[in-house]
Amino acid sequence: MNDTSNVSSTAKLAPTMKLLTLNHGSYPRIGNSPEEQLLRRTIALRDRGEKSDAEVRVAEDHMVVLALQEQEDAGIDIITDGLVRWNDPISHLAGKLRGIRIDGLLRFFDTNFYFRQPVIEEKIARSRPLVVDEFRWAVERSHRPVKPVLTGPYTLTRLSLRQAGAGDIESVVMSFAEALGAEVAELGAAGARMIQIDEPALLSCPADRRLACAALKFVAAQKGRAELALALYFADAAPLYATLQDLAFDILILDFTYSSKLAQVIESEGGIKQLGLGLLDGRNTRLEDQTAVLHQLEAMLRQVKPGHAYLTTSCGLEYLPRDRARLKLRHLTSIKRAFLGEVG
Amino acid sequence: MSRSKLRHLGIDLPLLPTTSVGSFPKPDYLVKARADFNQGKIRAVDLEEAEKQAIEFWIGKQEELGVDVLVDGEMYRGDMVAYFADQLSGFEQGGLVRSYGNRYYHKPIIVGEVKWKGPITVKWWRYAQGLTSKPVKGIVTGAYTLMDWSFNEFYATRRHACLALAKEVRKEVEALIRAGCKVIQIDEPAISARPDELPLAIEAMQTTTQDFEAYFITHICYGDFASIYPGMLDLAVDNFDLEMSNSGLDMLRLFRKKAFTKDISYGVVDVHSHFVEERSTVEERLKKGLEILPRENVWVDPDCGLKTRTVDEAIAKLRMAVSVARIFREA
């Protein structure tokens, strides 16, 4: 599985192509040990009136520190706070915006994870930061660069219900874009060097591509000196790959688990963006064959703009048990080292 | 068509028969017994006694409410996938993953060839059926959902895993039929999540049910039905148990465009709200359904399993569904 004898040609790429590992986004906020169950226990006690919101925040803090440590211990170059404080990728952000109330549960794409659906009752407005405080908190406790993550305007719109006072879909998408643009600007000012926008709905609703791209362009205009990454997952990105080159994003983070064609498209078309290659399945515990991943890396990275490329998982790691998420992170590091010829 | 099949099986149901999807909340004494068992404080036989007591309670309650096709309430199950994975070879229990909010479950991992080792639900079905003269549904989780809601470290592809599971689930179905079960529900909530895999789900269902003499229901919920309808009608079952109310009767729009051609267990109460809907609301839901669905083909039930409600809420919601069905039956 870890045979690297066939990667000599791969190693030759190293001088021009730097490869870094990044944690895609979420990280399990629970594990098997009592310490790793602190947050679940504290929330359950809070819900029974036996703990306070402040005590839940302390438990969240503890779990964020654990997530940061585990990513660092695994050798990941660019880490996240694990999105540990997030109830889900939709309501955590939408619930902080004016004009929105949070309603019942809906399935999150094709996963067995459920999010609380926002109901947009009137024009959306950002009256307070969404994740800036969480970002600052994590940065102070990390030894590696921390990447903040936001769910994109189109995905937030698609997974919300619009009531009469909300306006049409175009105005809702652009209102989310305004709010997220302000957040991106503030994150940049707070020192974020890379900011990730997740837009899985863009792949599942390609008919709205123009609308989604207009909103993303608006968000990207606020990035300042930060690098902006667009993460697309839970569907095949191959049909959109050429279009994605036109977006004002610096990095494309792509899920390779839905189609074997995506790698072929990149090999044949190249590209001008830095790539985040989600070659390890973030939704299955099986560890990928290292040699196969190395060959894919070699083939794709020969065709794209020299510079940084990123090796990551297909999506956030919260869909895996904690012990397996840890193994995936270590596998990323191991593959990166083999690619760079660091394996003895 | 399916009503004649039911009669052929010896089951004579009234117009708009009532049922429920499967799970009911566990009474407090059973919750405590399960916790005590997990901590080694009581024996398996003591837990089983509590489970039987709870089944008896729910069978009695359904009879009292006038439900036509009963369920055992799944008092012996935790999670609908882990329960079966625990009893098939080829699985190991995975660590905890989040379902939503602060809810987590152990997601199984397929680590070897999956094999049916022997009857899984038959003992419980026999026990429940022995408590009533009304038909009790046998309920199993379908192959597609078992595959989709497990990690797979053994089979080369999702398709290989799904079809291997279908062959083993079929053995459980066969065991239920041999025991005398005539109404069998194959739960497939995952089917609506990946429309591109509907052909695989159809193939797996065919493998599971073909050539058996039983009335088959499948329960599907919380997904993108627009993308799998009408293709889902090719699933080899007689009846689709669907959550109509939670989705604001959206599916009726689909049924208007293309006729729903099978029997339907029509969810008239939402299972995710604590309050019991007004009678007029529930009546309106059923009325709208009966405007486009043939009465002969409609069963009435809650949207989904009631296990997340309290015992009192579950009873109240079931009572409402039954009473509204009666109104329309007698109209």
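Protein chains get the first letters and strands the later ones, always in sequence-line order, with residue 1 at the start of each.
Ranked by heavy-atom pairs under 4.5 Å with chain B, the list Leu320(A), Leu106(A), Asp323(A) is led by Leu320(A). When Ile109(B), Asp148(B), Asn152(B), Asp224(B) are compared by the number of non-hydrogen pairs under 4.5 Å with chain A, Asn152(B) comes out ahead.
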- Message: Walk me through whether Arg29(A) and Tyr104(B) qualify under side-chain hydrogen bond (donor to acceptor under 3.5 Å, both in side chains).
- Response: CA-CA 10 Å; Arg29(A) 55 187 221 162; Tyr104(B) 304 83; 3.0 Å; yes

- How far apart are the C-alpha atoms of Tyr114(A) and Ser99(B), what are their side-chain angles, what is the distance that settles it, and do they pass the side-chain contact (heavy atoms from CB on, under 4.5 Å) test? CA-CA 6 Å; Tyr114(A) 297 77; Ser99(B) 173; 4.2 Å; yes

- Task: Begin with the C-alpha distance, continue with both residues' side-chain angles, and end with the deciding distance and a verdict on side-chain contact (heavy atoms from CB on, under 4.5 Å) for Arg98(B) and Asn87(A).
- Result: CA-CA 10 Å; Arg98(B) 189 149 67 133; Asn87(A) 211 40; 4.3 Å; yes

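Between Tyr100(B) and the choices Leu105(A), Asn112(A), Asp88(A), the side chain to side chain contact (heavy atoms under 4.5 Å, CB included) rule is met once, by Leu105(A). With Ile30(A) as the fixed residue, the side chain to side chain contact (heavy atoms under 4.5 Å, CB included) test singles out one of Asn102(B), Val97(B), Leu96(B): Leu96(B).
For Ser150(B), no part sits under 4.5 Å from any heavy atom of chain A, backbone or side chain. Contact annotation for Gln37(A): only side-chain heavy atoms (C-beta onward) come within less than 4.5 Å of a heavy atom of chain B. When heavy atoms are compared at a cutoff of 4.5 Å, Phe154(B) approaches chain A solely by way of its backbone atoms N, CA, C and O. Only the backbone of Tyr319(A) has a heavy atom closer than 4.5 Å to any heavy atom of chain B. Using a 4.5 Å cut-off between heavy atoms, Asn284(A) contacts chain B through both its backbone and its side chain. If you measure heavy-atom distances from Asp270(B) to chain A, you find no contacts under 4.5 Å at all.
Note that OG1 of Thr111(A) is 11.0 Å distant from CZ of Arg194(B), once rounded to the nearest 0.5 Å. For the atom pair CD of Glu153(B) and CG of Leu287(A), the computed distance is 7.5 Å after rounding to the nearest 0.5 Å. Separating the CD atom in Glu197(B) from the CG atom in Asp110(A) is a distance of 8.5 Å, to the nearest 0.5 Å.
Crowding of Arg209(A) atom CZ: a count of heavy atoms from other residues, nucleotides or ligands under 6.0 Å not exceeding 12. Environment of CZ in Arg103(B): sparse, with no more than 12 heavy atoms of neighbouring residues, nucleotides or ligands closer than 6.0 Å. No more than 12 heavy atoms of other residues, nucleotides or ligands lie within 6.0 Å of CG in Asp28(B), so this atom counts as exposed by the packing criterion. More than 12 heavy-atom neighbours from other residues, nucleotides or ligands sit within 6.0 angstrom of CD on Glu50(A). Taking a 6.0 Å sphere around CZ of Arg41(A), one finds it holds more than 12 heavy atoms contributed by other residues, nucleotides or ligands.
Between Glu92(B) and Arg324(A), at least one side-chain N (NZ, or NE/NH1/NH2) sits under 4.0 Å from a carboxylate O, which counts as a salt bridge.
Closest approach of Arg107(A) to Pro189(B), counting heavy atoms only: NH2-O, 2.7 Å.
Looking only at side-chain heavy atoms (C-beta outward), Pro321(A) and His106(B) stay at 4.5 Å or farther from each other.
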